[in-house]
Undergrad: 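Mind looking over this structure? Questions follow.
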Amino acid sequence: MQKQISGFSKLSKEAKIDWIVSAFFSDDDNVRTTLKQYWNTNQKLQELHDDFIENTITNYYLPYGVAPNFVINGKDYIVPMVVEESSVVAAASLVAKFWSTRGGFKATVISTKKIGQVHFMYDGNFKDLETYFSNKKEDLYKVTESITKNMRKRGGGILDIELRNKTTDLENYYQLHVTFDTQDSMGANFINSCLEAIANEFKKDDIQVVMSILSNYVPECLVRAEVSCKVEELYAENAEMYAQKFKQAVQIANVEPHRAVTHNKGIMNGIDAVVLATGNDFRAVESGAHAFASKSGKYKSLTNCEIKDGVFKFWIEIPLALGTVGGLTALHPLAKLSLQMLQNPSAKELMMLVAVAGLAQNFAALRALTTTGIQHGHMKMHLSNIIKQLGATASEKEYLMNYFADKQVSHSAVVEAYNELKK
Ligand code: MEV
């Protein structure tokens, strides 16, 4: 059987599946059943999802959960999260409740600038290039006028176009570094359209445009979220000692990249889940966040902690390019619903909400790591998954959940207890 095909995208969904099943699954009919059981019976809804990408053959479900009791800048929120990791929503909910009685989360947007670049090669005299650029600058704005018209009406648009000499990094390399305000949209299409128009107007015989594209590194699209309370309000016992351990955990992530990556991964557990639920681009957010974490030349923690005059303070600063209009936010019914659940936030509010989700997740992880250890909570959440895998009945499940209420959970311990029960 051939494992290469041309014209695949033109086949119907059924025909695509048939070909895959015969080429890669020895005609196993179970594969068809598995794929088709996720087709939505609502034809219109299925077609909507089919059209998001090319060659859709089924839908891939992820759980959509909610974390209630978030208080952010004095306002109450229930936060939608799309994530497969069992402990993430539970941790967010616990931490939201915890801080709701300690003043809640405070968040501020520091800046909202987005960036795009026209990368080009030029081997002439830099002074001539500068003169050409300053003579052209007006026209560069002009050619984008039809694209920026609506955005300008909403208060956004192109903020600046700069010529940057990058020849010390790469021979003949220059760029037009363009800054944008995209208001409530993430702005990727808007930025890229502007850049292509600018590049087209800018190029001439001795300027070779290599590419025009937005940057997902947006250190000036920055948000800060923080929590603080008296040290003695943090823990029931040994508050000072545990607060110090918590702070040391953050300090370790600041000096040790191996730890920093895991520390930040925990933050992204919360961030990505809300970014996904609201139909935003989590890959853009991920790459921008990790670049920001390395801005000093060393990969560091995205959060910080301070204990001063008996007050514990914990905060995050993170670049987040998010939208609440356009893109998937308008197309995906659940993304739309998530935004409604968040009381139709502006992009700035969403930046604050997402930063808070990241901070909350990091708080949960560090609190667990520096006290009971992470496996305690994780394995509790994992317990029901293991029980499910074993095919336990409802009453067997109840017995096992009770049995492990005060015992260490591990895969083998659950299997053993289950087998014992079966006897
Ligand atoms: C697991 O998904 C995330 C953690 O490893 C984060 C951390 O170690 O801080 C628990």
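Counting starts at 1 for both ligands and their atoms, in listed order.
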Undergrad: Does any N or O atom in His263 lie less than 3.5 angstrom from one in ligand 1, N or O only?
TA: no
Undergrad: Which atoms of ligand 1 sit under 4.0 Å from any heavy atom of Leu369?
TA: 7 (C), 8 (O), 9 (O)
Undergrad: Among all protein heavy atoms, pick out the one at the shortest distance from atom 3 (C) of ligand 1; state its residue, atom name and that distance to 0.1 Å.
TA: Asn269 ND2, 3.6 Å
Undergrad: Would Gln248 and Gln244 count as having a side-chain donor-acceptor pair, cut-off 3.5 Å?
TA: no
Undergrad: Cation-pi check for Phe312 against Arg102: NZ or CZ below 6.0 Å from the six-membered ring centre and within 45 degrees of the axis, yes or no?
TA: no
Undergrad: Given Val143 and Asn200, is the side-chain contact (heavy atoms from CB on, under 4.5 Å) satisfied, shown in steps?
TA: CA-CA 9 Å; Val143 292; Asn200 211 30; over 6 Å; no
Undergrad: Closer than 4.0 Å to some heavy atom of Glu85 - which atoms of ligand 1 meet that?
TA: 1 (C), 2 (O)
Undergrad: Which protein non-hydrogen atom lies closest to atom 6 (C) of ligand 1, naming both residue and atom, and how far is it?
TA: Thr262 O, 3.5 Å
Undergrad: Within 45 degrees of the ring normal and closer than 6.0 Å to the centroid, is that where the cationic atom of Lys407 sits relative to Phe404?
TA: no
Undergrad: For atom 9 (O) of ligand 1, which candidate among Lys265, Arg259, Met268 provides the closest heavy atom?
TA: Arg259
Undergrad: Checking Ser338 against His332: is there a side-chain donor and acceptor pair closer than 3.5 Å?
TA: no
